[in-house]
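Structure, as structure tokens:
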Amino acid sequence: MVKTIIHHLYYSEHGKNIAKKVNLSNMLEIVKRIKEIELEQARRVRNNKLSRYNVGEKIHLKQVEFHKCQKKNRWVFGGNRSGKTECGAVEAIYMARGIHPYRKNKDNVFGWVVSLSTQVQRDVAQAKILDYLNPDWIEDVTMLSGKKDCLRQGVIDQIRIKNVFGGTSVIGFKSCDQGREKFQGSSLDFVWFDEEPPKDIYDECRMRVLDRCGDIFGTMTPLKGLTFIYEEIFLNALNSDQVWYEFMEWADNPFLDASEVESLTKSLSPDQIESRRYGRFKSGTGLVYSEFDENVHVIEPFSVPKEWQDNISIDPGLNNPLCALWFAVDFDGNIFVIDEHFESGKDVIYHSEVIKEKCSALGWKKDGRGRINAIIDSAANQRTLASVKSVTELFYDCGIVANPCVNKDMFSGLQRVKQFLVLNNGLPKLFIFKNCINLIREFKSYWWGKEDTPKKVDDHALDALRYYVMTKPSPTQRVSIKSQISLDKERLIKKLRNGRKRY
């Protein structure tokens, strides 16, 4: 810019006229001032790391998806160095500054950053906030320890930040080792959990954002096993429509060097890789259906052609939930679970009415007598002291013909389901509509127990699925479809053979 202005002053007609009126010293002062402005602009660009976040050739797509999410309770489960903490820090600054690119912004925002301890706060979350917080945006800082002129070496209590709407926002720092009582009283617009907090602190923070309709977001590596976060967020046991999560791993981070990824992978055991690289939850044993991938097997519902309608599978229960699943199969043999009924504490009459209502809504096929056909666990044939009729007979009286002749072999059924989840070519043959929330939840929480058998807990939808897939040939097994002419030829050959046997 400076060279351009000098060239203009000395070589253009307009510049020569100005030069006549302005003496040389004044001109040099102007040039000096312009140079200062250029240096200041360059300094601001260097300091404003936020302006360089996810722009350019390398974009961390999962970080972008996190920022785009409109849910009130959103989490990133990520491995170390996957980029999870970066997006948590940026989200907090976006909201405090009032410059969020995907959400409604407001003035005078108050939020907390919650770490496990003050030391972890200083070394991780606080450091990331300072990385992306331009010093020009800071109005004041309150310290718990250390000096204001050396923020990174101390422990910050609160940072007061200029909001673009003219007010002042506050980011406060909290640590879980302070105890739940230190989290009471405030009214907040957001809470960012850097790593998994204790449940009592999590519950208390949810109360803090209630009156402002605020947000909870968390970034963590699951190292503690199957905790309450596993239940409430990953499994979404309460079926909240405001819960969202995403997994991040090293391959998702475009800023990691390939050689570094290879080196890190070699240094970890298989169990460590699951959590440290992929950010996956782990118990003492493994998932039964480790092949299940919610991003692959769970799809948005669509209108299923009538010709695809296949069968309903029922796993009965009274105190335990009864689960019914509706199945469709396309012309390529792909199985679709398109609906479910899942409820406990009700009798057969109630379940029959719900099943018939769902069939009516789906336009489900009926037999020649106007009855609905299904398959059911063979245990439904047993009579109890509570009723003179079996569950199968009770369903029949209600207009549902439930066939109890199912193959219940556990290990064969597990392997058949696994085959439908992933073929040898890596492609799936089983898809689940997003509205089948209980089947999806059970897939994610079905663990191996002792003696190589699954834990018999919360598996009613999976049992119904297993009964159904055992009525289908293996997806790797080629099934030839014979024409009508071929079938007629076979019948004729059988008649000829039977005729010869008579003589």
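Keep in mind that what you see is a predicted model, and the values were worked out from it rather than measured. Sequential numbering from 1 along the given sequence is applied to the chain's residues.
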Distance only, no hydrogens: is a donor on one side chain within 3.5 Å (strictly under) of an acceptor on the other, for Trp250 and Asp252?
no

If I take atom CG from residue Leu130 and atom CD1 from residue Ile159, how far apart are they, to the nearest 0.5 angstrom?
5.0 Å

Just say parallel, tilted or perpendicular for the rings of His341 and Tyr350, cut-offs at 30° and 60°.
tilted

SB check Arg74 Glu246 (cutoff 4.0 Å):
no

Would you say that Ile314 contacts Ile312 through its side chain, given a criterion of any heavy-atom pair below 4.5 Å between the two side chains?
yes

Would you confirm whether the ring centroid of Tyr202 sits within less than 6.0 angstrom of the ring centroid of Phe228?
yes

Run the salt bridge (charged side-chain N to carboxylate O under 4.0 Å, His left out) test on Arg180 and Asp203 for me, step by step, so that the C-alpha distance in whole Å, both residues' side-chain angles and the decisive distance to 0.1 Å come before the verdict.
CA-CA 9 Å; Arg180 184 185 63 83; Asp203 290 338; over 6 Å; no

Apply ring pair (Phe, Tyr, Trp, His ring centres under 6.0 Å) to residues Phe173 and Trp112 and explain how you reach the verdict.
CA-CA 6 Å; Phe173 291 86; Trp112 280 348; over 10 Å; no

Please report the interatomic distance CG(Leu465) to CD1(Ile432), rounded to the nearest 0.5 Å.
7.0 Å

Qualifying residue for ring-ring contact (aromatic ring centres under 6.0 Å, His included) with Phe77, from Tyr245, Trp244, Tyr230
Tyr245

Just by modelled atom types, is the Arg276 backbone N or O under 3.5 Å from a matching donor or acceptor in the Arg81 side chain?
no

Hey, does the side chain of Glu195 reach the backbone of Thr221 with a donor-acceptor pair shorter than 3.5 angstrom?
yes

Going by an N to O cut-off under 4.0 Å, is there a salt bridge joining Lys71 and Asp241?
no

Quick check: does any side chain N or O of Gln158 sit under 3.5 Å from a backbone N or O of Gly172, one acting as donor and the other as acceptor?
no

To the nearest 0.5 angstrom, please state how far the CE atom of Met220 sits from the CG atom of Leu116.
9.5 Å

Is it true that a side-chain atom of Ser344 and a backbone atom of Pro321 form a donor plus acceptor pair closer than 3.5 Å?
no

Is it the case that Lys49 places NZ or CZ above or below the six-membered ring of Tyr132, under 6.0 angstrom from the centre and within 45 degrees of the axis?
yes

Under a 3.5 Å cutoff, is there a donor and acceptor pairing between the side chains of Glu343 and His351?
no

In this structure, CG of Asp189 is separated from CD1 of Ile171 (nearest 0.5 Å) by 11.0 Å

Polar side-chain atom of Lys174 near backbone of Lys182 as donor-acceptor pair, under 3.5 Å:
yes

Restricting to non-hydrogen atoms, name the atom on Thr118 and the atom on Asp177 that form the minimum distance, rounded to 0.1 Å.
N-OD2, 3.8 Å

So for atom NZ, which belongs to Lys408, do other residues, nucleotides or ligands contribute more than 12 heavy atoms lying within a distance under 6.0 Å?
yes

Ring pair (Phe, Tyr, Trp, His ring centres under 6.0 Å) evaluation trace for Phe110 with Phe190
CA-CA 7 Å; Phe110 185 19; Phe190 72 84; 8.7 Å; no

Using distance alone, with no hydrogens and no angle criterion, decide if Thr227 and Glu196 have a side-chain donor and acceptor under 3.5 Å apart.
yes

Just by modelled atom types, is the Asp339 backbone N or O under 3.5 Å from a matching donor or acceptor in the Lys358 side chain?
no

Pair Arg441, Asp458 - check salt bridge (charged side-chain N to carboxylate O under 4.0 Å, His left out), show working.
CA-CA 9 Å; Arg441 173 177 50 80; Asp458 202 18; 2.3 Å; yes

Check Asp310 with Lys472, please: is the shortest side-chain N to carboxylate O separation under 4.0 Å?
yes

What heavy-atom pair brings Asn435 and Pro301 nearest, and what distance separates the two atoms?
OD1-CG, 3.3 Å

Check whether any side-chain N or O of Ser360 sits under 3.5 Å from a backbone N or O of Glu357 as a donor-acceptor pair, and report yes or no.
no

Does the plane of the ring in Trp192 sit parallel, tilted or perpendicular to the ring in Phe217? Use 30° and 60° as the thresholds.
parallel

d(Glu231 CD, Phe281 CZ) to nearest 0.5 Å is 10.0 Å

For the pair Glu340 (side chain) and Asn438 (backbone), establish whether a donor and an acceptor sit closer than 3.5 Å, ignoring hydrogens and angles.
yes

Salt bridge or not between Asp194 and Lys84? Use side-chain N to carboxylate O under 4.0 Å.
no

What pairs with Phe327 under ring pair (Phe, Tyr, Trp, His ring centres under 6.0 Å), at least two apart in sequence or on another chain?
Tyr468

So Tyr94 and Tyr102, ring pair (Phe, Tyr, Trp, His ring centres under 6.0 Å) or not? Walk me through it.
CA-CA 10 Å; Tyr94 276 162; Tyr102 306 107; 7.8 Å; no

Going by atom types only, do Ser175 and Gln121 share a side-chain donor-acceptor pair under 3.5 Å?
no

For residues Met470 and Val406, determine if any side-chain heavy atom of one lies less than 4.5 Å from a side-chain heavy atom of the other.
no

Are any non-hydrogen side-chain atoms of Ile335 and Lys429 less than 4.5 angstrom apart?
no

Please determine whether ring pair (Phe, Tyr, Trp, His ring centres under 6.0 Å) holds for the pair Tyr278 and Phe247, giving the CA-CA distance in whole Å, both sets of side-chain angles, and the decisive distance to 0.1 Å.
CA-CA 7 Å; Tyr278 296 103; Phe247 283 97; 9.6 Å; no

Would you find a donor on one side and an acceptor on the other, under 3.5 Å apart, between the side chain of His60 and the backbone of Tyr53?
no

Residues Glu291 and His297: side-chain donor-acceptor under 3.5 angstrom
no

With distance as the sole criterion, is a donor-acceptor pair present between the side chains of Asn163 and Ser169 under 3.5 Å?
yes

Verdict with supporting geometry, Arg280 and Glu249, salt bridge (charged side-chain N to carboxylate O under 4.0 Å, His left out)
CA-CA 9 Å; Arg280 295 171 182 160; Glu249 60 122 331; over 6 Å; no

Does the side chain of Ile349 come within less than 4.5 Å of Cys398's, by heavy atoms?
yes

Just checking, is any N or O donor in the side chain of Ser390 or Asn381 under 3.5 Å from an acceptor N or O on the other one?
no

Can Asp459 and Arg466 be counted as an ion pair, charged N to O under 4.0 angstrom?
no

Checking Gln126 side chain against Val113 main chain: does a donor-acceptor pair fall under 3.5 Å?
no

OG1/Thr219 to CH2/Trp75 distance, rounded to the nearest 0.5 angstrom?
8.0 Å

Would you say Phe292 and Val298 make side-chain contact, with heavy atoms under 4.5 Å?
yes

Is any side-chain N of the basic residue among Lys356 and Glu353 closer than 4.0 Å to the acidic one's carboxylate O?
yes

